[in-house]
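Throughout, residue positions are numbered sequentially from 1 according to the sequence presented. Atoms considered below: every heavy atom in the structure, side chains included; atoms not considered: hydrogens, waters and symmetry mates. As the structure lists them, so they are numbered: ligands from 1, and atoms in each ligand from 1.
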Amino acid sequence: METCDVLDRYPIRSVFRKTRKPALFSSSFSPALCRSETRVNKMFILGLGYFGKYFASQLKTRHDGWEVLGTCKSASKKEKLEEMGFNPILFNSNDPESRSLNSLQDVTHLLISIPPIPGLGDPVLCLHQDLLRSKLGNGYLQWLCYLSSTSVYGDCGGALVDEDYPINAMREPAKARLAAEKGWLDLGHDLGVPVNIFRLGGIYGPGRSAVDTIIKQESLSNDQKMRESRHYTARIHVADICQALMASIDIPSSGGIYNVVDDDPAPRAEVFAFARALIEKRWPGQIKESPTPDNVDSIIRKKNTRGEKRVSNNRVKKELGVTLLHPTYHSGLQSIVESMENPFQ
Ligand SMILES: NC(=O)c1ccc[n+]([C@@H]2O[C@H](COP(=O)([O-])OP(=O)(O)OC[C@H]3O[C@@H](n4cnc5c(N)ncnc54)[C@H](OP(=O)(O)O)[C@@H]3O)[C@@H](O)[C@H]2O)c1
């Protein structure tokens with residue numbers, strides 16, 4: 001089994017807890033403080049997707065004053081985000097002209113919520129690294145967070161996997177994810193900024209859950225069908241990811257790799273059965289039987305090369321003091337159904 005290069009190079013809690021601050025932060029001088037009388041926290045979210053939007057809205061409800069910027073790829077998305085009250089900037093990593101990254105120069109907090117591209121790696125790091133370094137290297141940045149995935153662990157034969165578990169990433173997406181983690185850790189190290197890597201289970205929440213899939217009568221993607229055969233599936237409610245990030249912001253010296261999953265890696269079929277029962281209870285007789293796609297059986301009978309694992313969330317609870325709002329899918333799905341208007345009207 002391959003050991004994790006990232007962990008070998010960065011036994012995070014020993015490196016970043018003692019992290020060297022950038023020169024400007026090593027004294028009482030802080031550019032972020034000097035710009036005005038009051039402290040300005042400026043969050044830049046690379047990727048205002050499902051989580052990015054949720055996080056941006058939550059930051060604005062905090063009482064410590066946040067300016068929040070974020071990116072999306074298309075003009076139509078930008079327009080939608082503006083209508084929703086966000087402050088979007090157009091950024092597509094493939095665009096060599098990346099003037100939008102100029103706004104990074106006085107950010108205090110940076111969240112990367114853009115997935116890596118297999119065969120390329122992290123598109124922001126691979127294509128804009130020099131610009132990033134020049135914009136972020138002025139001492140303003142104090143928090144850098146990369147959203148990763150529990151898929152980096154690969155096949156673990158059903159073992160309980162914590163953040164120190166040897167990595168066995170065989171598939172290209174997992175390798176790209178690991179390389180992205182390493183790239184952001186390297187950048188943070190060079191800038192003297194603590195880096196938080198959050199390895200997330202499957203994200204669910206309002207608008208994206210088993211409940212929504214059933215109500216919309218969506219058929220499962222091939223990837224989802226493959227996951228149907230698993231005994232364990234790591235998942236996490238969007239509100240709990242948000243809690244973990246907020247906790248890491250509130251502990252300025254934090255920095256580390258954290259699994260962010262709930263306490264119950266239940267199989268998908270069980271979750272869907274529960275979601276169906278919740279919908280049936282609230283809106284009886286409304287769910288139509290979904291047709292079984294012809295190839296579903298052949299797909300789920302294929303050997304699942306991703307293997308199985310149960311992911312431990314002890315570290316995020318112990319070190320960041322996170323108490324999960326939704327320790328299992330039961331309360332997570334229940335809260336989604338309770339907050340819904342009647343979708344069948
Ligand atoms: N969803 C899950 O279950 C899950 C599980 C584990 C880890 N993660 C990871 O956690 C992060 C957030 O997840 P999410 O579900 O919120 O993702 P998401 O909704 O797909 O959002 C991804 C964001 O990245 C942007 N983006 C994608 N490719 C880009 C590129 N080449 N250049 C510039 N921007 C690009 C998208 O822009 P547009 O909005 O314009 O499309 C979007 O804003 C992602 O890295 C994801 O891979 C997700």
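With Y204 as the aromatic partner, R235 does not meet the cation-pi criteria of under 6.0 angstrom to the ring centre and within 45 degrees of the ring axis. Within the cation-pi definition used here (under 6.0 Å to the ring centroid, within 45° of the axis), R199 qualifies as a partner of Y153.
For ligand 1, the atoms sitting less than 4.0 Å from at least one non-hydrogen atom of S149 are 6 (C), 7 (C), numbered in the order shown with element in parentheses. Within ligand 1, counting atoms from 1 as listed, the ones closer than 4.0 Å to a heavy atom of C72 are 40 (O). For ligand 1 and L48, the ligand atoms under 4.0 Å from any heavy atom of the residue are 43 (O).
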- Message: Show, in sequence, the C-alpha distance, side-chain angles and deciding distance for S248 and L320, and conclude whether the side-chain contact (heavy atoms from CB on, under 4.5 Å) test is met.
- Response: CA-CA 6 Å; S248 74; L320 296 184; 4.1 Å; yes
- Please walk me through it: do K53 and L81 pass side-chain contact (heavy atoms from CB on, under 4.5 Å)? CA-CA 9 Å; K53 279 185 287 187; L81 288 169; 3.4 Å; yes
- Query: Are H237 and S335 close enough, and set up right, to give a side-chain contact (heavy atoms from CB on, under 4.5 Å), and what steps lead you there?
  - Reply: CA-CA 10 Å; H237 191 283; S335 74; 4.2 Å; yes
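No more than 12 heavy atoms of other residues, nucleotides or ligands lie within 6.0 Å of CD in E79, so this atom counts as exposed by the packing criterion.
Distances between N or O atoms of L200 and those of ligand 1 include no value under 3.5 Å. By the 3.5 Å distance cut-off applied to N or O atoms, G202 is not counted among the residues near ligand 1. Taking distance alone, with nitrogen or oxygen atoms compared against 3.5 Å, N94 stays at or beyond that limit from ligand 1.
For K77, every heavy-atom contact with ligand 1 shorter than 4.0 Å involves the side chain, none the backbone.
Salt-bridge check for K42 with D106: passed, with a basic side-chain N closer than 4.0 Å to an acidic carboxylate O. No salt bridge links R177 with E181; every basic N to acidic carboxylate O contact stays at or beyond 4.0 Å.
Of all protein heavy atoms, the one closest to atom 41 (O) of ligand 1 is K73 NZ, 3.1 Å. The closest protein non-hydrogen atom to atom 34 (N) of ligand 1 is I114 CD1, 3.3 Å. If you check which protein heavy atom lies closest to atom 31 (N) of ligand 1, you get S93 OG, 2.9 Å. Scanning the protein for heavy atoms near atom 48 (C) of ligand 1, the closest one is I203 CD1, 3.6 Å. Protein heavy atom nearest atom 46 (C) of ligand 1, with residue, atom name and distance: R177 NH2, 3.6 Å. With hydrogens left out, the protein atom closest to atom 21 (O) of ligand 1 is G49 CA, 3.3 Å, a heavy atom. The protein atom (non-hydrogen) at minimum distance from atom 12 (C) of ligand 1 is S113 OG, 3.1 Å. From the protein, the heavy atom lying nearest to atom 7 (C) of ligand 1 is S148 O, 3.2 Å.
Judged by the shortest distance from any of its heavy atoms, G201 lies inside the 4.0 Å radius around the atoms of ligand 1. Proximity of S151 to ligand 1 is not established, as no heavy-atom distance is less than 4.0 Å. Residue R208 places a heavy atom under 4.0 Å from ligand 1. The closest approach between N92 and ligand 1 falls below 4.0 Å for a heavy atom of the residue.
N102 CG to L131 CG: the interatomic distance, rounded to the nearest 0.5 Å, is 6.0 Å. Taken to the nearest 0.5 Å, the CH2 atom of W143 stands 4.5 Å off from the CG atom of L245. Interatomic distance, CZ of F91 versus CG of L104, reported as 8.5 Å (0.5 Å rounding).
Note that atom 15 (O) of ligand 1 has protein non-hydrogen atoms nearby, at separations under 4.0 angstrom.
With distances taken over non-hydrogen atoms, the option nearest atom 33 (C) of ligand 1 out of F51, F91, Y50, F55 is F91.
In this pair, W184 and Y146 present their aromatic rings parallel. The plane angle is below 30°, not in the 30 to 60° band.
Looking at Y329 and R268, their side chains never bring a donor and an acceptor atom within 3.5 Å of each other.
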